[in-house]
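For reference, the structure discussed in these notes is given below.
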Amino acid sequence: MSVSVNWDGDDRFKATTGSGFDITIDKDLQQGPRPMELMLAGLGGCTSVDVVGILRKARQDVVNCVADIQAERSDEVPSVFTEIHVKFTVSGRKLKPAAVERAVRLSAEQYCSASLMLERGGVKISHSFDIIEVE
């Protein structure tokens with residue numbers, strides 16, 4: 001896995017992933033997200049992929065999954081994450097709460113590399129979920 005980050009001479013950088021995608025990173029939020037926002041987006045993407053995949057394997061009829069992430073950072077420099085809460089809103093037909101709880105737990109404890117890496121670095125990560133029934 002690789003990423004190349006190129007400075008544009010101003011306050012922006014272009015990250016090019018090994019898979020060929022470009023992301024503009026901007027500390028002033030004029031043309032892209034801040035670096036720490038990208039870390040949260042990576043965490044959200046990693047755990048959401050797990051949760052949806054686990055639910056599908058459990059033959060749950062998932063229609064949508066949203067991970068809302070709130071994070072706290074230390075007041076001192078470096079301003080690292082100290083606590084992160086991931087709240088899933090999973091929509092589907094006749095979803096079993098036990099299956100959703102299991103998917104969230106398995107992602108957090110076994111599968112999401114981003115979450116496990118942050119926790120090993122001292123970040124406290126918590127999870128919750130809501131289920132929305134759709135027709």
Side-chain angles (χ1 to χ4, degrees):
M1 180 175 291
S2 66
V3 173
S4 174
V5 179
N6 185 22
W7 179 43
D8 75 354
D10 199 7
D11 286 332
R12 285 174 298 280
F13 295 81
K14 182 176 87 173
T16 302
T17 66
S19 54
F21 294 94
D22 291 333
I23 303 165
T24 299
I25 303 168
D26 185 348
K27 75 173 191 135
D28 295 324
L29 298 175
Q30 294 178 15
Q31 295 182 7
R34 292 182 178 124
M36 294 298 275
E37 291 174 318
L38 284 174
M39 290 186 72
L40 293 178
L43 167 63
C46 184
T47 192
S48 294
V49 165
D50 293 340
V51 168
V52 170
I54 293 165
L55 288 170
R56 284 183 172 169
K57 286 180 184 173
R59 300 185 191 269
Q60 295 294 293
D61 191 1
V62 180
V63 173
N64 194 20
C65 178
V66 176
D68 288 310
I69 303 168
Q70 298 294 320
E72 298 292 327
R73 295 175 69 180
S74 67
D75 291 331
E76 57 212 39
V77 176
S79 184
V80 298
F81 291 123
T82 55
E83 294 184 31
I84 298 173
H85 181 75
V86 182
K87 180 182 178 186
F88 292 95
T89 302
V90 184
S91 303
R93 295 175 190 89
K94 298 180 183 176
L95 294 173
K96 295 178 183 174
V100 176
E101 185 278 329
R102 178 179 177 270
V104 170
R105 182 176 36 78
L106 286 173
S107 175
E109 295 176 1
Q110 292 182 355
Y111 296 114
C112 179
S113 301
S115 179
L116 293 166
M117 179 179 63
L118 287 165
E119 282 188 318
R120 288 178 186 167
V123 181
K124 181 183 177 199
I125 301 179
S126 59
H127 301 81
S128 63
F129 66 89
D130 287 330
I131 297 173
I132 297 175
E133 181 67 26
V134 298
E135 293 184 26

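FYI, the numbering just counts along the sequence from 1.
- For the side-chain hydrogen bond (donor to acceptor under 3.5 Å, both in side chains) condition, no pair includes a residue of residues 110-123, sequence neighbours left out.
- Scanning for side chain to side chain contact (heavy atoms under 4.5 Å, CB included) contacts around S2 gives an empty result, with sequence neighbours left out.
- The side chain to side chain donor-acceptor pair (under 3.5 Å) search around S91 returns none, not counting sequence neighbours.
- By the criterion of side-chain heavy atoms lying less than 4.5 angstrom apart, applied directly or through intervening Ile, Leu, Val, Met, Phe, Trp or Tyr residues, F13 is not grouped with L40; the two fall into different hydrophobic clusters.
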Side-chain donor-acceptor pairs of residues 127-135 under 3.5 Å, sequence neighbours excluded:
unit_1: S128; atom_1: OG; unit_2: H85; atom_2: NE2; d: 2.8
unit_1: D130; atom_1: OD2; unit_2: K87; atom_2: NZ; d: 2.9
unit_1: E133; atom_1: OE1; unit_2: K94; atom_2: N; d: 3.0
unit_1: E133; atom_1: OE2; unit_2: K94; atom_2: N; d: 3.0

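- By the 4.5 Å side-chain criterion applied to Ile, Leu, Val, Met, Phe, Trp and Tyr, L116 is assigned to no cluster and stands alone.
- Residue L43 holds its CG atom at 6.0 Å from CG of L118, rounded to the nearest 0.5 Å.
- T16 places none of its side-chain heavy atoms less than 4.5 Å from the side chain of V3.
- Scanning for side chain to side chain donor-acceptor pair (under 3.5 Å) contacts around S19 gives T17, with sequence neighbours left out.
- Evaluation of the side chain to side chain donor-acceptor pair (under 3.5 Å) rule for T82 yields no partner, not counting sequence neighbours.
- For the pairing with K14, the side chain to side chain contact (heavy atoms under 4.5 Å, CB included) check across D22, D8, V5, D26 returns one residue only, D22.
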Acceptor/donor pairs from residues 29-38 side chains to any protein atom, 3.5 angstrom cut, sequence neighbours excluded:
unit_1: Q31; atom_1: OE1; unit_2: R12; atom_2: NE; d: 3.2
unit_1: R34; atom_1: NE; unit_2: K27; atom_2: O; d: 3.3
unit_1: E37; atom_1: OE1; unit_2: R34; atom_2: N; d: 2.8

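- In this structure, CG in D11 is found 13.0 Å from CD1 in I25, a value given to the nearest 0.5 Å.
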Could you pull out every donor-acceptor pair under 3.5 Å between side chains of residues 44-63 and any protein atom, sequence neighbours left out?
unit_1: T47; atom_1: OG1; unit_2: S107; atom_2: OG; d: 2.7
unit_1: S48; atom_1: OG; unit_2: G44; atom_2: O; d: 2.7
unit_1: D50; atom_1: OD2; unit_2: S107; atom_2: OG; d: 3.0
unit_1: D50; atom_1: OD2; unit_2: C112; atom_2: N; d: 3.1
unit_1: Q60; atom_1: OE1; unit_2: K96; atom_2: N; d: 2.8
unit_1: D61; atom_1: OD1; unit_2: R93; atom_2: NH1; d: 3.4
unit_1: D61; atom_1: OD2; unit_2: R93; atom_2: NH1; d: 3.2

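- Under a hydrophobic clustering in which Ile, Leu, Val, Met, Phe, Trp and Tyr are joined whenever their side-chain heavy atoms come within less than 4.5 Å, directly or via other members, L106 and V100 fall into different clusters.
- Residue pairs that meet the side-chain hydrogen bond (donor to acceptor under 3.5 Å, both in side chains) test with at least one member in residues 62-75, sequence neighbours left out, are R73-S79.
- In terms of heavy atoms, W7 sits closest to D10 at NE1-O, 2.5 Å.
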